[in-house]
Amino acid sequence: EQSEKQKAAIAIEPFKTFYEAEDYHQDYLDKNPSVGACGGNLYNEDLTPGLSYRMYGPSIYGEVSRFFKFIPDKLIWGKNASFNHSRRPRNVFFVWGADLMAKKTVLDETGGFDTSFFMYYEDVELCARISRTYQISSVPDAKIIHLSGKSSEPNPNKERFIKEMNGNSKQIYLELT
């Protein structure tokens, strides 16, 4: 019998490079004019399913769900709450910036990433603006291994840094939206 790690390795086998997954994104965007941005399924370093998208933006619901360890999300969306197990594209509120692709025309229309953000929430805010006109899609056949937290790796106070940056960026997001 295969271990979970072996099953995950088989699941992501079709895409061996970031560029192959990005080609898949580009093809999906080209064939779906109502979609302004998309992202694939993100896998953690240990090849387990990672956070790939959210069905909602920062909100009171999101804080309540976080407090209850995202059980409300699982009750509403099941195993597809933040990772697309369905094998077909689905509309979402935002996709994680680690694997976000948007059409250049859409970025031009929306002004692209807001420079008020240093780290965290820039992807959420961009998707919020894009979603005023276009759909945001999770495309599960594009598979990426996400080396989560590596951007803040050299920082000896990593946990504190992430908490502060996340809080600062959430505040900027709430002010802008």
Q: Would you please indicate yes or no on a ring centroid separation below 6.0 angstrom for Y56 and Y61?
A: yes
Q. How about D99 and H25: does a side-chain donor come under 3.5 Å of a side-chain acceptor?
A. yes
Q) Does a side chain donor of either D141 or Y24 reach within less than 3.5 Å of an acceptor in the other side chain? A) yes
Q: May I ask whether L51 and V92 are part of the same hydrophobic cluster, defined by side-chain heavy atoms of I, L, V, M, F, W, Y residues being less than 4.5 angstrom apart, directly or through others?
A: no
Q) Applying salt bridge (charged side-chain N to carboxylate O under 4.0 Å, His left out), which residue pairs with at least one partner in residues 72-95 are found, sequence neighbours left out? A) R54-D73
Q | Exam field: side chain T48 to backbone D46, donor-acceptor pair closer than 3.5 Å | A | no
Q: Treat each ILVMFWY residue as a node, draw an edge where side-chain heavy atoms are under 4.5 Å apart, and state whether M55 and L100 are in one component.
A: yes
Q) Is there a path from F113 to Y53 through hydrophobic residues (I, L, V, M, F, W, Y) whose side chains come within less than 4.5 Å of each other? A) yes
Q: For N32 and S34, indicate whether the former's side chain and the latter's backbone hold a donor-acceptor pair under 3.5 Å.
A: no
Q) Do any N or O atoms from the side chain of S137 and from the backbone of Q135 form a donor-acceptor pair under 3.5 angstrom? A) no
Q.
Is there a side-chain contact between K143 and Y43 in this structure, where contact means two heavy atoms from C-beta onward sitting under 4.5 Å apart?
A. yes
Q: Group every Ile, Leu, Val, Met, Phe, Trp and Tyr by side-chain heavy-atom contacts under 4.5 Å, then state whether M101 and I136 land in the same group.
A: no
